[in-house]
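Here is the structure we will look at, set down as structure tokens.
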Amino acid sequence: MLVAFSVAPQSSQDDQGSVSRAVAAAVAIVRESGLPHQTDAMFTTVEGEWDEVMDVVKRACEAVGEYSPRTSLVLKADIRPGRTGELSGKVERLEAALADTEQG
């Protein structure tokens with residue numbers, strides 16, 4: 001399964017409103033997990049089995065919780081049993097379809 005999630009504190013101790021330290025703590029949990037993952041400006045996507053992915057999300061939320069008494073979580077999952085390599089496979093299929101469209 002793929003899980004794209006965004007976790008952030010509801011408040012910031014930074015006078016600019018930055019939550020980057022809290023988000024960095026969450027991303028560190030993801031990286032330490034050893035699961036395939038990708039982080040962009042809005043979400044971190046993790047690939048793995050249900051229990052292992054959800055454990056990473058839970059621990060990432062707990063890490064952010066150290067920075068604020070209230071945490072926000074946005075989560076989207078693509079549950080497709082028996083498939084692996086979808087973190088890059090979905091993008092590769094999209095790029096191939098775009099190339100076909102451009103050529104045809």
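Along the sequence shown, residues are numbered consecutively beginning with 1. Every heavy atom of this structure was used, including side-chain atoms; hydrogens, water molecules and symmetry mates were not.
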Could you tell me whether R83 and E47 make a salt bridge, using a distance below 4.0 angstrom between a side-chain N and a carboxylate O? no
Report yes or no: do [X] and [Y] belong to one cluster of Ile/Leu/Val/Met/Phe/Trp/Tyr joined by side chain heavy-atom distances under 4.5 Å?
X: F43; Y: L73; result: no
X: V46; Y: V57; result: yes
X: I79; Y: L87; result: no
X: V64; Y: L75; result: yes

Is there a side-chain contact between [X] and [Y], using heavy atoms and a 4.5 Å cut-off?
X: T71; Y: V7; result: yes
X: E62; Y: I29; result: no
X: Y67; Y: V19; result: no
X: M1; Y: E52; result: no
X: H37; Y: V27; result: no
X: S6; Y: S72; result: no

Over 12 non-hydrogen atoms of neighbours within 6.0 angstrom of CZ in R31: no
Would V30 and T39 count as a side chain to side chain contact (heavy atoms under 4.5 Å, CB included) if you check the C-alpha gap in whole Å, the side-chain angles of each, and the deciding distance to 0.1 Å? CA-CA 9 Å; V30 173; T39 299; 5.6 Å; no
Which atoms form the tightest heavy-atom contact between V3 and A77, and what is the distance? CG2-CB, 4.0 Å
[X] side, atom [atom1]; [Y] side, atom [atom2] - distance, nearest 0.5 Å:
X: E92; Y: E86; atom1: CD; atom2: CD; answer: 9.5 Å
X: S88; Y: R93; atom1: OG; atom2: CZ; answer: 9.0 Å
X: E49; Y: L35; atom1: CD; atom2: CG; answer: 9.5 Å

